[in-house]
Amino acid sequence: MMYNNINFNKKTILITGGAGFIGSNLALYLQENFSSSQIIVFDCFRNNEVFPNGNLKSFGHYKNLIGFKGRIICGNINNQGDLALLGEYKIDYIFHLAAISDTRVYDEEIIMRTNVNSFYDLLTIAKRNKSTIVYASSAATYGNMPSPQTVGQECPENPYGFSKYIMDQIANQYSKENLDLKIAGLRFFNVYGPKEYYKANTSSMIAQLGNQILDGKTPRLFEGSEKIFRDFIYIDDVLQAIIKACEPKQNGTYNVGSGISRSFQDLADILQKELGTDMGIKYFPNPYDGYQMHTQANITSSQENLDFEPKVSLEQGIKYYIPEIKRLHEIENL
Ligand SMILES: NC(=O)c1ccc[n+]([C@@H]2O[C@H](COP(=O)([O-])OP(=O)(O)OC[C@H]3O[C@@H](n4cnc5c(N)ncnc54)[C@H](O)[C@@H]3O)[C@@H](O)[C@H]2O)c1
């Protein structure tokens, strides 16, 4: 699937976080459609270290990259020596997706170091190479701001959201100081689709509920889930946005959501219908204060400046995704 006329063949492309969910999808998309591009995945992968919340410190997984034929550098974006390994390449495009992506990590220092400090380094690499840089921001920059969430009206409610909000400010400043560079930040809303399995309990609710149902367990939702809304976006639409963000009409920060909000109850109902089950729902109290109750991306500016048009409805996306949920559920639970 081609999203625009950019020809990535013969280009050198760096994907940080390329062993993660979105990054590995991007790496394999580019490989499939531009077979003579040189793709470099830079990722620290995973080890056994966990945050105090019990989740792994990084979610990169080799299994996301099976079939990938490009270069892989196992490196940490916090480590100058590792970043120096990129010095031998003349990089045309940088997709900077590496981050602590877990919104429930509250160690501010590690989040700011990993998400913010490294961004200065990636921007310096972009400047040196005159690369176009597209980086991941997040809907978490909005915190509990009312829907539709709109760029310019942010109030992050956790260190992760704050780190992305600061990245956006750094990018805006860098754009002003480097008029020849193309820089676009993408505020992803709730992304779902193949290759998120290894994010475990930080994967989308679609993956988590799907696995619960396949385990034969009644899907679990917070009480009042019919009133908790999210803007869910399928991975293919995210890839569309990332590719189109390489040619923005103007540099900036852009929302990447479907523009439509759906309840968690809807998710569970669609999944049960598709999986042919009728197990009901087990409701339990929501333990989180300040929980976002409604997200819906305002995508007007992304439509105008990136030509971004989400195509996949939640019903379609779940239909596309179910065979992969089933496949992984089977092989990973042997
Ligand atoms: N998936 C979503 O719904 C969503 C929503 C908003 C924003 N985002 C952002 O999009 C980007 C990609 O998200 P994802 O869902 O693919 O997450 P992910 O956790 O699967 O991918 C992030 C990758 O970065 C790597 N990484 C983490 N720390 C690193 C470090 N110090 N050095 C090198 N690599 C490191 C991880 O190993 C992982 O492979 C992230 O920046 C995330 O914050 C994602």
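Each ligand, and each atom within it, is numbered from 1 in the order the structure gives. The structure presented is a predicted model; accordingly, all values stated were derived computationally and were not measured.
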Which of the atoms of ligand 1 are close to [X], meaning less than 4.0 Å from one of its heavy atoms?
X: Gly60; value: 36 (C), 37 (O), 38 (C), 39 (O)
X: Gly20; value: 20 (O), 21 (O), 38 (C), 39 (O)
X: Ser101; value: 17 (O), 18 (P), 19 (O), 42 (C), 43 (O)
X: Thr114; value: 31 (N)
X: Gly75; value: 32 (N), 33 (C)

*Salt bridge check: are Lys182 and Glu247 linked by an N-O gap of less than 4.0 Å?*
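Between Glu247 and Lys182 there is a salt bridge, with a charged N closer than 4.0 Å to a carboxylate O.
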*With the threshold set at 4.0 Å, does a side-chain nitrogen-carboxylate oxygen contact exist between Arg262 and Glu315?*
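Yes.
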Proximity winner for [atom], if only heavy atoms of [options] are counted:
atom: atom 1 (N) of ligand 1; options: His96, Glu196, Lys199; result: Lys199
atom: atom 30 (C) of ligand 1; options: Val41, Ile77, Asn55; result: Ile77
atom: atom 7 (C) of ligand 1; options: Cys44, Ser118, Ser137; result: Ser137

*Please determine which of Tyr234, Tyr320, Tyr197 meets the ring-ring contact (aromatic ring centres under 6.0 Å, His included) test together with Tyr192.*
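Answer after filtering Tyr234, Tyr320, Tyr197: Tyr234.
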[atom] [closest protein heavy-atom partner, distance rounded to 0.1 Å]:
atom: atom 6 (C) of ligand 1; value: Phe188 O, 3.2 Å
atom: atom 42 (C) of ligand 1; value: Tyr160 OH, 3.5 Å
atom: atom 20 (O) of ligand 1; value: Phe21 N, 2.9 Å
atom: atom 37 (O) of ligand 1; value: Asp43 OD1, 2.6 Å
atom: atom 28 (N) of ligand 1; value: Ala99 O, 3.7 Å

Purely on distance, is any nitrogen or oxygen of [X] under 3.5 Å from one on ligand 1?
X: Asn190; result: no
X: Val191; result: yes
X: Gly23; result: no
X: Ile22; result: yes
X: Asn76; result: yes
X: Leu97; result: yes
X: Ser138; result: no
X: Ala139; result: no
X: Ala136; result: no

*Using 30° and 60° as the class limits, which term best fits the ring planes of Phe34 and Tyr29: parallel, tilted or perpendicular?*
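Perpendicular: the ring planes of Phe34 and Tyr29 meet at over 60°.
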*Determine whether the side chain, the backbone, both or neither of Lys164 has a heavy atom under 4.0 Å from any heavy atom of ligand 1.*
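Within the 4.0 Å criterion, Lys164 contacts ligand 1 through side-chain atoms alone.
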Could you check whether [Y] and [X] have their ring centres less than 6.0 Å apart?
X: Phe284; Y: Phe222; value: yes
X: Tyr254; Y: Phe308; value: no
X: Tyr135; Y: His96; value: no

Does some non-hydrogen atom of [X] fall short of 4.0 Å from ligand 1?
X: Phe189; result: yes
X: Ser24; result: no
X: Ser204; result: no

*Measure from NZ or CZ of Arg71 to the centre of the six-membered ring of Tyr89 and say whether it is under 6.0 Å with the direction within 45° of the ring axis.*
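Ring-cation test returns no.
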*Any cation-pi pair here, Arg46 with Tyr198, using under 6.0 Å and within 45°?*
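Because its charged atom misses either the 6.0 Å distance or the 45° angle limit, Arg46 does not stack over Tyr198.
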_Candidate list Leu97, Ile72, Asp82, test side-chain contact (heavy atoms from CB on, under 4.5 Å), partner Phe42, passing option_ =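 So the option named by the test is Asp82.
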Rounded at 0.5 Å granularity, tell me how far [atom1] in [X] sits from [atom2] in [Y].
X: Thr150; Y: Ile299; atom1: OG1; atom2: CD1; value: 11.5 Å
X: Asn211; Y: Ile206; atom1: CG; atom2: CD1; value: 12.0 Å
X: Leu275; Y: Ile322; atom1: CG; atom2: CD1; value: 4.0 Å

*Counting only heavy atoms not in Asp289, do more than 12 fall under 6.0 Å of its CG?*
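Not buried by this count: 12 neighbours or fewer within 6.0 Å.
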_Using every non-hydrogen atom in the two residues, find where Gln31 and Lys69 come nearest and quote the distance to one decimal._
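Residues Gln31 and Lys69, closest heavy atoms: OE1-N, 2.7 Å.
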